[in-house]
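Structure first, then comments.
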Amino acid sequence: MEERYQAHAIEEKWQRIWAQNQAFRVNEDAAKPKYYVLEMFPYPSGRIHMGHVRNYSIGDVVARYKRMRGFNVLHPMGWDAFGLPAENAAIERGVHPEIWTQENILYMKNQLQRMGLSYDWDREIATCEPEYYRWNQWIFLQFFKKTLAYKRSSFVNWCPSCETVLANEQVIDGACWRCDSAVIQKELEQWFFRITDYAEQLLGDLEKLNGWPDKVLTMQRNWIGKSIGAEIDFPLVGCESALRIFTTRPDTIFGATFVSLAVEHPLALKLAQGTPQEKAVEAFIERFKNVSQAKRGAEEGEKEGVFTGAYCRNLFTGENIPIYLANFVLMEYGTGAVMAVPAHDQRDFEFARKYDLPIRVVIQPNDRKLTAETIAEAYVDDGVMVDSGAFSGTPNCPGKDKIATHAEEKGWGKKAIRYRLRDWGVSRQRYWGTPIPIIYCDKCGTVPVPEEQLPVVLPKDVPFTGKGGSPLQESKLFFEVACPKCRGHAHRETDTMDTFVDSSWYFLRYVSARFDKAPFDPEKGRYWMAVDQYIGGVEHAVLHLLYARFFTKALRDLGLAKVDEPFTNLLTQGMVSKETYRCSEHGWLFPTELLGSEKDGWQCPQCRRPVIKGRVEKMSKSKKNIVDPEDLVNLYGADTARLFTLFAAPPEKDLEWSDQGVEGAYRFLTRLWRIVFQNRELWANAAANGEALELPAELRDLRRMIHRTVKKVSDDIENRFHFNTAVAAIMELLNALSAALQGGGRSSAGATVIKQGLETMIVLLTPFVPHVASELWEQTGHHDRLDEVPWPRYSEEAIEEEKLLIVVQVNGKVRGKITVPADATQEHIETVALADPRVQGFLDGKKVQRVVYVPRRLVNIVVEG
RNA sequence: GCGAAAGUGGCGGAAUUGGUAGACGCGCAGGAUUCAGGAUCCUGUGGGGUAACUCCCGUGGGGGUUCGAUUCCCCCCUUUCGCACCA
């Protein structure tokens, strides 16, 4: 090795050593505490991006730290390998999705390995392999048995021109991504998972997740959206049946002056038949039925509706009230019908004003009196029920339950709880996903594929045209099949599963990645689960994390998983962003193509107009502000890439890219290398251990700093994940050691302490920059591998200050600083503080009213005036 | 509109329970070294006043609690994110 820091040679060397020694392979070991750290696995899109580098650097610090702390660490990696881009590549370039995916995996695996990430690669999985997705199918069959998987008709995005189903991300502004035709909603039979069965548990168990960010918990809570209320019947006038509504405000029922229905409501058209309103209702339904809910009220929530011509009875008031269709009522929530209380619901209020419907105040606030004529908006807060028959005078909160109870007693309805959460539609009319293991027989109907016939393997002989329905229909070998029950003519389900299914249990697969009797070995699951630390982007705060929680609970109820929750602690890392440049004429520009200079202003290479330095934005191709990690590693090495992303910001915050910041990280490593390398003789000459030595004051200070750095770095990693401050503390230690080395006149005691400081620093750096740390460890004569060295300990005694710096304030302003022995009494400290000449100047003979003493920190002298 | 988080030097960010605001890094300035450039090392670096010890101001703005507030409370402004008609 040369005296110069050669990142590439070092990194290749250590990656080879780790691979040869299988350094990060783990097995169950009852003797050690286990620790399962997991980063969200990537989609093999082709190349890793900065977000991956950041995510996996954070995870690797945790994994390496815990290993050095004596934990048996499971740190696996795999590939979320099914999905749309592979199929798009097939359609656009004629590459088979499998080839495309496997090539990407190979390339990206190499990129990850060049980062020096400490994965147990023996446990690598790819969800597109039959050995993996057969268990998706197996789980589907268990769900099917328990009716957790069921089929019903539902709407999909449909491009009439391409004649194909579109995924949500293929719909751009309501148009097809390929041909730009308007997308319509088409009804298809689809498979669903009954996640709503678990709504209450998914909500309740959020309480257990103390290690999750509040933000994510709130998002999940809102997504599940529990509402407590009542379902109440409003009998139709001139008809036997009744209209059932759902409300969370039964206390306002005496103010219900009409009822609103969703346009999809089954009775919407029927009610109008034979009335003068029939034509108007038909037109209204026609107008809105193909418009997605998001667009229906796009114009500032403009409320629109139409009278159906029919009436129903409010059983509480005995009145007959009109039934309207309204654009803002959702068929999917509640019953698709709501009682409208204009005085106490803003939407109903606007609707009533627009269509001149009666407004009746039935809740009065305590501090003023509302009248229907004077209110400018709905009153939605609490108060006392008025004009509510026998319930008048009741505070509205208990009133909610009283009304609901009354309705139950009379047989008019029941108490009800509703969730915003919908069942999870898992059918995709796609090729590159897990085939749904179902067979349709002409005689026997829907027949599950027998478990012993799994996996149902994806056929290879499929054309990728981007037209028509699922490509699987085109494979005769796949499609045509004998019924497992009657051997008669049958065909396979051609839908595949949503790729979120794959990622809903992959963390369980890692515990026994090659197990072939079940999705995972329950014994190993018992040892490793739950994931102690999960790390990934906040964009998965709802869907992926909710589905994974659902699967864990469902697999627990099947007797497989033994935990209620999959992820004990969750860290959501911020995104990586960078400044952008744009020209008013030519849009976003790469910084490398700009003309001019930072100082004199940049110019557009095409039109020479001045370029505006845009905002700092998330790195994206379209904004042209991407930095490719591969370039970074080629230029500086993996350790620099890791160090920069860890040092520039704490993990949960956004990280703003800075080329100069990268230079700074690299400079630190070269400096570290140089200082250790140039002082190698320390290891030949210095005594082994400085702890027992009698040291002069300045060396005691240095030793104290070494111990304090160990404490600081340990705390920052362990308790806060604040790697930036941990790295800063190590930098400070290097600065102090460097100063001590330059102090000259090095005594043998000094050499011993400095050597110990440098060694400690190398060990502390291991989780962050494992390659250069390992190499320096070896260069300084160690024969053990650094990743197997235990994490350093600090001693409370060595951290203890000998002298204290006490701040002296006068009336809360710092006026002096005094140094006292650590064991000085309060009395002594106050005396010294008052005697300080600068402090005296501010006291100026004024009367001391009070002296505040904060132990070991400060004295505040309060004087008059 | 509702909900959440945040606002600190030229920049990224420190200050863990109310106790020296600006650690560490970047940038910048000066110096050393060098034929020169680069690299490296040293010193300085919130703003203002001062010959100087020192003093005044300063954590988005305004008020409050406190001996003492970046930190706690109230009001306002800005930014980011999430949900957006869920009855």
Taking atom types as modelled and ignoring hydrogens, do the side chains of Tyr333(A) and Ser227(A) form a donor-acceptor contact shorter than 3.5 angstrom?
yes
Report which part of the nucleic acid Ile245(A) touches: base, sugar-phosphate, or nothing (heavy-atom distance under 4.0 Å, all strands).
nothing
Does any N or O donor sit under 3.5 Å from an N or O acceptor when you compare the side chain of Gln660(A) with the base of G25(B)?
no
From the list C86(B), C41(B), C85(B), which nucleotide is the closest neighbour of the side chain of Arg674(A)?
C41(B)
Reckon Tyr333(A) has a side-chain N or O less than 4.0 Å from the OP1 or OP2 of A87(B)?
yes
Taking only the side-chain nitrogens and oxygens of Arg671(A), find out if one of them lies under 4.0 Å from OP1 or OP2 of C24(B).
no
Any donor-acceptor N or O pair under 3.5 Å, side chains Glu200(A), Tyr198(A)
no
Measure the acute angle between the ring planes of Phe351(A) and Tyr355(A), then classify it against the limits of 30° and 60° as parallel, tilted or perpendicular.
tilted
OP1 or OP2 of A14(B) versus the side-chain N and O atoms of Asn724(A): is any pair under 4.0 Å?
yes
Pair of N/O donor and acceptor under 3.5 Å linking C55(B) base with Arg815(A) side chain
no
Is there a donor-acceptor pair closer than 3.5 Å between any side-chain N or O of Asn625(A) and the backbone N or O of Glu617(A)?
yes
Would you mind reading off the distance between Lys813(A) atom NZ and C56(B) atom P, rounded to a whole angstrom?
5 Å
Taking atom types as modelled, find out whether Asp716(A) and Thr725(A) have a side-chain donor-acceptor pair closer than 3.5 angstrom.
yes
Identify which nucleotide among C41(B), A87(B), U20(B) has an atom closest to any side-chain atom of Ser227(A), counting heavy atoms from C-beta outward.
A87(B)
Respond yes when some side-chain nitrogen or oxygen of Asn735(A) is under 4.0 Å from OP1 or OP2 of G25(B), and no when none is.
yes
Contact under 4.0 Å: Arg615(A) side-chain N or O vs U80(B) OP1/OP2:
yes
Quick note, Met731(A) side chain, CB onward, closest among C67(B), G12(B), G25(B) is G25(B)
Mind calculating the distance between CG (Asp654(A)) and P (C81(B)) to the nearest angstrom?
9 Å
Rounded to whole Å, please give me the gap between CG in Asp716(A) and C1' in U16(B).
9 Å
Could you state the CG-C1' distance from Asn811(A) to C67(B), rounded to the nearest angstrom?
8 Å
Take atom CZ of Phe768(A) and atom C1' of C24(B), then tell me their distance rounded to the nearest Å.
13 Å
Comparing nearest nucleotides in RNA chain B, the 5'-proximal residue of the pair Arg249(A), Met219(A) is Met219(A)
As a test of reading the structure: which of C85(B), U20(B), G13(B) is closest to the side chain of Val807(A), going by heavy atoms?
U20(B)
Base C85(B) paired with Lys303(A) side chain (donor-acceptor, <3.5 Å):
yes
Taking for Ser738(A) and for Arg838(A) the nucleotide of RNA chain B with the nearest heavy atom, the one nearer the 5' end belongs to Ser738(A)
Using a 4.0 Å heavy-atom cut-off, does Val814(A) contact any base of the nucleic acid, only the sugar-phosphate backbone, or nothing at all?
sugar-phosphate
Take the protein atom CE of Met50(A) and the nucleotide atom P of G12(B), then report the distance between them rounded to whole Å.
19 Å
Counting side-chain heavy atoms from C-beta on, which of A87(B), U16(B), G12(B) comes nearest to Lys712(A)?
U16(B)
The side chain of Asn860(A) lies closest to which of these nucleotides: A87(B), C67(B), C83(B)?
C67(B)
Between CD of Glu332(A) and P of C85(B) the distance, given in whole Å, is 10 Å
Identify whether any heavy atom of Arg857(A) sits under 4.0 Å from a base atom; if not, whether one sits that close to sugar-phosphate; answer base, sugar-phosphate or nothing.
sugar-phosphate
Please check if the number of heavy atoms outside Lys354(A) that lie under 6.0 Å from its NZ is greater than 12.
yes
Non-hydrogen side-chain atoms of Thr257(A) and Pro342(A) separated by less than 4.5 Å
yes
Could you tell me whether G9(B) is syn or anti, where syn means a glycosidic angle within 90 degrees of zero?
syn
Would you find a donor on one side and an acceptor on the other, under 3.5 Å apart, between the side chain of Asn860(A) and the backbone of Gly812(A)?
yes
How is Thr247(A) classified with respect to the nucleic acid when contacts are heavy atoms under 4.0 Å: base, sugar-phosphate, or nothing?
sugar-phosphate
Need one value for Tyr666(A): base, sugar-phosphate or nothing, where a base atom within 4.0 Å counts as base even if backbone is also close, heavy atoms only.
nothing
Are Trp657(A) and Asp659(A) close enough that a side-chain donor and a side-chain acceptor fall under 3.5 Å?
yes
Please confirm whether the backbone N or O of Asn724(A) pairs with a side-chain atom of His722(A), one donor and one acceptor, at under 3.5 Å?
no
Respond yes when some side-chain nitrogen or oxygen of Arg667(A) is under 4.0 Å from OP1 or OP2 of G27(B), and no when none is.
yes
Using modelled atom types and a 3.5 Å cut-off, is there a donor and acceptor pairing between side-chain atoms of Asn396(A) and backbone atoms of Gly399(A)?
no
Under 4.0 Å between any heavy atoms, over every strand shown, what does Gly664(A) touch: base, sugar-phosphate, or nothing? Just pick one.
sugar-phosphate
Looking across every strand, which nucleic acid part, if any, lies under 4.0 Å from Glu656(A) by heavy atom: base, sugar-phosphate, or nothing?
sugar-phosphate
Under 3.5 Å for both pairing distances: what stems, at least three Watson-Crick or G-U pairs long, include RNA chain B?
B:1-7 with B:77-83, B:10-12 with B:24-26, B:27-32 with B:40-45, B:46-48 with B:55-57, B:60-64 with B:72-76
Quiz item: Lys653(A) side-chain donor-acceptor pair to U80(B) base, under 3.5 Å
no
Does Arg221(A) make a side-chain N or O approach to OP1 or OP2 of C83(B) shorter than 4.0 Å?
no
Over how many whole Å does the gap from Glu732(A) atom CD to G22(B) atom C1' extend?
13 Å
Any Arg850(A) side-chain N or O less than 4.0 Å from OP1/OP2 of G68(B):
no
Contact class for Val338(A) (heavy atom, under 4.0 Å): base, sugar-phosphate, or nothing?
base
When we call it a touch if two heavy atoms are under 4.0 Å apart, what does Asp715(A) touch: a base, just sugar-phosphate, or nothing?
nothing
